[in-house]
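One structure below.
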Amino acid sequence: MTNRNLKVVETSKQPKKLGLTRQPYLSIDKVSKVYPTSRGPFTVLKDVNLTIYEGEFICLIGHSGCGKSTLLNMVSGFATPTDGEVRLGGQRITKPGPDRMVVFQSYALLPWLTAYDNIYLAVDAVYGNKLKAEKDAIVREHLALVGLLDAAEKKPPQMSGGMRQRVSIARALSIRPQVLILDEPFGALDAITKEELQEELLKIWNDHRCTVLMITHDIDEALFLADRLVMMTNGPAAQIGEVLEIPFSRPRDRARIMEDPQYYKLRNHALDFLFHRFAHNDD
Ligand SMILES: Nc1ncnc2c1ncn2[C@@H]1O[C@H](COP(=O)(O)OP(=O)(O)OP(=O)(O)O)[C@@H](O)[C@H]1O
């Protein structure tokens with residue numbers, strides 16, 4: 001089922017806001033990725049194009065194994081494209097940098113360090129020349145941002161999954177990245193904690209307005225958070241199949257959005273894309 005009222009944006013088309021033409025900020029330009037394997041070259045992504053504007057919140061959805069993490073790894077700089085290029089502010093991305101921070105589903109915290117020290121380590125690595133008192137203030141500001149000042153001395157094994165993910169988000173934001181990359185950050189959390197963290201993330205993003213690129217498997221999460229939902233086709237040689245504009249005004253209220261008939265049109269369109277037009281036997 002496709003719906004003519006929905007705004008499906010061509011990946012190469014540049015949206016306009018307030019009548020102004022915006023400049024591309026993060027450009028994924030004809031990107032392909034081929035992995036060498038024992039059975040020969042394996043093309044994960046083929047000719048992927050996506051233009052992202054400064055301060056946008058983008059969600060990326062697609063079936064398991066289609067290449068979402070591979071694509072984000074090329075934005076973070078942990079991997080390089082086989083063909084094409086990824087540019088941030090006009091500069092080609094060739095390696096990781098503090099302008100792009102990644103939050104993983106698995107938290108990636110050091111288990112022997114406290115919440116405070118996990119964040120301090122990142123702050124010290126990027127702002128090594130600042131005074132200790134300044135770095136301390138940054139760590140405390142970001143612990144407070146995610147409501148964890150009281151848990152500063154806890155180590156990851158003493159924290160819930162939600163607390164660990166809050167620390168990971170605080171750590172990523174503490175060095176003020178231009179792009180926040182989230183690889184299915186709430187996938188391991190229970191439904192209530194997940195909704196709480198989605199709301200906290202939106203509030204933080206609203207206050208700080210970094211550009212966000214987030215992988216999710218959850219259509220409702222994407223509809224609540226994103227400006228645009230990027231839907232990928234199945235691999236091998238996966239591409240961006242469609243980009244859906246999410247028109248709900250901000251700040252967003254979950255209950256109000258879910259009362260909007262447009263919500264169900266968008267949801268059904270995304271479900272149709274994933275489970276009918278690009279159905280995947282393994283899911
Ligand atoms: N280093 C590698 N060498 C060979 N193949 C790889 C490598 N990394 C990933 N792949 C393969 O590339 C494909 C895409 O993997 P990727 O992790 O990007 O998918 P994904 O969409 O993020 O999946 P998921 O939703 O399950 O996390 C998979 O088939 C995977 O096995």
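Numbering of residues begins at 1 and proceeds along the displayed sequence. Order of listing sets the numbers, starting from 1, for every ligand and every atom in it.
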Among all residues two or more places apart in sequence or in another chain, which pass the side-chain contact (heavy atoms from CB on, under 4.5 Å) test with [X]?
| X | result |
| --- | --- |
| Lys203 | Asp207 |
| Asp218 | Lys194, Thr216, Asp220, Glu221 |
| Ala188 | Gln105, Tyr107 |

Looking only at side-chain N and O atoms, does Gln178 offer a donor or acceptor that is under 3.5 Å from a partner on Tyr25?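 Per modelled atom types, Tyr25 and Gln178 side chains form a pair under 3.5 Å.
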
Distance alone, cut at 3.5 Å: any donor-acceptor contact between the side chains of Thr193 and Glu196?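 No pair is found: no donor N or O on one side chain lies under 3.5 Å from an acceptor on the other.
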
Are Asn49 and Lys30 close enough that some pair of their side-chain heavy atoms sits under 4.5 Å apart?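 They are in contact (side-chain heavy atoms under 4.5 Å apart), so the answer is yes.
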
For ligand 1, would you mind listing the residues that have at least one heavy atom less than 4.0 Å away, ordered by chain and number?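 For ligand 1, the residues that come within the 4.0 Å heavy-atom cutoff are Tyr35, Phe42, Val44, His63, Ser64, Gly65, Cys66, Gly67, Lys68, Ser69, Thr70, His217.
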
